[in-house]
Protein chains: 2
Amino acid sequence: MATPSALDRTLAALADPTRRGVVDRLRQRPHPAGELAAAFDMSPPAMSRHLRVLRQTGLVEERIDADDARVRVYSLRPEPFAALRGWLEEVESFWSDQLGAFKAHAERTRGTKPSGGRKS
Amino acid sequence: MATPSALDRTLAALADPTRRGVVDRLRQRPHPAGELAAAFDMSPPAMSRHLRVLRQTGLVEERIDADDARVRVYSLRPEPFAALRGWLEEVESFWSDQLGAFKAHAERTRGTKPSGGRKS
DNA sequence: TTAATCATTCACCCTGACGTTAACGAGTCT
DNA sequence: AGACTCGTTAACGTCAGGGTGAATGATTAA
């Protein structure tokens with residue numbers, strides 16, 4: 001865990017409910033920082049830190065409002081989402097690749113029948 | 001956020017580098033718990049807790065080895081990955097949807113305040 | 001039965017993440 | 001200039017998450 005990968009940082013950023021909510025909200029339109037803080041009933045400093053995390057992973061970008069330079073407008077950036085989807089599809093190939101899935105399964109069970117699952 | 005959504009729990013589970021590494025490793029084939037602990041140079045209790053988290057989010061499933069009932073074999077489950085991909089594609093529709101993309105671009109180039117003030 | 005093995009849960013510590021208030025820099029307005 | 005606003009960073013407290021070692025339960029081997 002010396003240097004967390006970009007994917008790790010993306011996932012960590014999206015794991016927080018507040019930050020995921022911010023992403024969902026930015027899907028509609030860009031928002032000023034203050035508006036986001038108010039929308040999530042949170043102090044401006046707290047939201048500022050969340051936005052910094054999202055910014056550092058490249059999930060959002062910051063712009064200065066054209067009409068009022070005090071206002072920072074945040075909007076989504078596509079790259080990290082695309083990277084995450086790339087990894088996801090790689091993982092999901094585990095199932096779409098029938099041969100590989102069967103081989104892996106057979107290797108472990110060696111002809112015995114996999115019956116009833118167990119729950120936690 | 002008293003009750004984190006399934007998506008939040010999935011993302012939280014995948015945010016940890018160890019757990020994401022476990023997922024990556026399980027892509028090759030199912031693994032016994034002890035093998036995973038050794039592979040990540042980690043005590044069995046630590047790995048056991050990671051596996052519990054993954055299990056509780058449905059990302060992996062536990063089975064008793066057919067040859068030795070002491071061994072718990074872990075393998076991937078598809079559902080949470082599909083759900084995550086669903087959300088991801090929803091977010092990415094922000095860009096693939098031409099109208100939405102245009103709207104977002106227009107907002108960004110004009111500023112977000114509809115209060116009459118024009119940029120230049 | 002007794003000893004050894006696999007994996008879990010239990011008890012504890014400790015770092016890191018998130019939230020708050022206060023102070024600061026930057027920009028707007030009169 | 002001075003007062004006000006937006007958003008940030010700074011300092012601090014709190015709490016969950018993740019690590020360890022010891023104890024427990026289940027299974028296998030002698």
Side-chain angles (χ1 to χ4, degrees), chain A residues 1-4 8-22 30-57 60-75 108 112 118-120, chain B residues 1-4 8-22 26 30-57 60-75 111-113 115-119:
Chain A
M1 70 141 260
T3 299
D8 282 327
R9 288 186 292 109
T10 298
L11 284 164
L14 292 176
D16 183 90
T18 298
R19 288 194 291 264
R20 204 168 67 80
V22 167
H31 283 268
E35 221 173 272
L36 291 170
F40 289 88
D41 195 33
M42 177 175 295
S43 68
M47 179 54 71
S48 182
R49 287 192 54 202
H50 282 303
L51 290 171
R52 177 166 61 173
V53 172
L54 290 170
R55 208 185 326 140
Q56 285 172 340
T57 66
V60 305
E61 75 179 346
E62 176 194 274
R63 282 187 45 267
I64 306 290
D65 185 281
D67 297 329
D68 185 343
R70 292 171 301 179
V71 174
R72 320 276 183 101
V73 180
Y74 284 88
S75 51
R108 260 298 143 193
T112 57
R118 156 171 10 316
K119 280 279 97 174
S120 51
Chain B
M1 76 145 219
T3 302
D8 282 325
R9 287 186 294 111
T10 298
L11 285 163
L14 293 175
D16 183 90
T18 299
R19 288 193 291 263
R20 202 170 70 78
V22 167
L26 292 184
H31 282 268
E35 220 173 273
L36 291 170
F40 289 87
D41 195 33
M42 174 175 299
S43 66
M47 179 54 70
S48 183
R49 285 190 47 196
H50 283 302
L51 291 171
R52 178 167 58 174
V53 171
L54 291 170
R55 209 176 26 205
Q56 284 172 342
T57 67
V60 306
E61 75 178 346
E62 176 194 275
R63 289 201 320 100
I64 306 293
D65 186 280
D67 297 328
D68 185 344
R70 292 172 302 180
V71 175
R72 320 277 183 101
V73 181
Y74 284 87
S75 50
T112 53
K113 303 184 97 176
S115 56
R118 284 302 306 263
K119 173 189 164 188

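Chain naming here is simple, since letters A, B, ... match the order of the sequence lines and numbering starts at 1 in each. Predicted model only: the values in this text are computed from it and were never measured.
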- N/O (side chain, A:Ser43) to phosphate O (OP1/OP2, C:dT20) under 4.0 Å: yes
- Nearest-angstrom distance from the residue atom CG of A:Asp41 to P of C:dG19: 11 Å
- Residue list, side chain to side chain donor-acceptor pair (under 3.5 Å) with B:Arg52, at least two apart or on another chain: none
- Query: Could you state the CZ-P distance from B:Arg19 to D:dG17, rounded to the nearest angstrom?
  - Reply: 9 Å
For nucleotides 6-9 of chain D, which of its nitrogen or oxygen atoms have a protein nitrogen or oxygen under 3.5 Å away, and what is each distance?
| unit_1 | atom_1 | unit_2 | atom_2 | d |
| --- | --- | --- | --- | --- |
| D:dG7 | OP2 | A:Gly34 | N | 2.9 |
| D:dT8 | OP1 | A:Tyr74 | OH | 2.5 |
| D:dT8 | OP2 | A:Ser48 | OG | 2.8 |
| D:dT8 | O5' | A:Ser48 | OG | 2.7 |

- Side-chain N or O of B:His50 closer than 4.0 Å to phosphate OP1/OP2 of D:dG17: no
- Quick one: B:Gln56 CD to D:dG17 P, roughly how many Å, whole number? 11 Å
- Task: Would you kindly say whether B:Arg55 and B:Tyr74 are connected by a side-chain donor-acceptor distance under 3.5 Å?
- Result: yes
- By side chain to side chain donor-acceptor pair (under 3.5 Å) - contacts of A:Arg20 (at least two apart): B:Ser5, B:Asp8
- Query: Expressed in angstrom and rounded to an integer, what is the separation of A:Asp67 atom CG from C:dC29 atom P?
  - Reply: 10 Å
- Item | side-chain contact (heavy atoms from CB on, under 4.5 Å) involving B:Ser75 - partner list, sequence neighbours excluded | B:Pro30, B:Glu61
- Query: Quick one: B:Leu11 CG to D:dG17 P, roughly how many Å, whole number?
  - Reply: 15 Å
- Message: Tell me every residue that passes side chain to side chain donor-acceptor pair (under 3.5 Å) with A:Arg70, counting only those two or more places apart in sequence or in another chain.
- Response: A:Asp68
Counting only pairs under 3.5 Å, give me each side-chain donor-acceptor contact of residues 9-16 of chain A, with atom names and distances, residues two or more places apart or in other chains.
| unit_1 | atom_1 | unit_2 | atom_2 | d |
| --- | --- | --- | --- | --- |
| A:Arg9 | NH1 | A:Gln56 | O | 3.4 |
| A:Thr10 | OG1 | A:Ala6 | O | 2.9 |
| A:Asp16 | OD2 | A:Thr18 | N | 2.8 |
| A:Asp16 | OD2 | A:Arg19 | N | 3.1 |

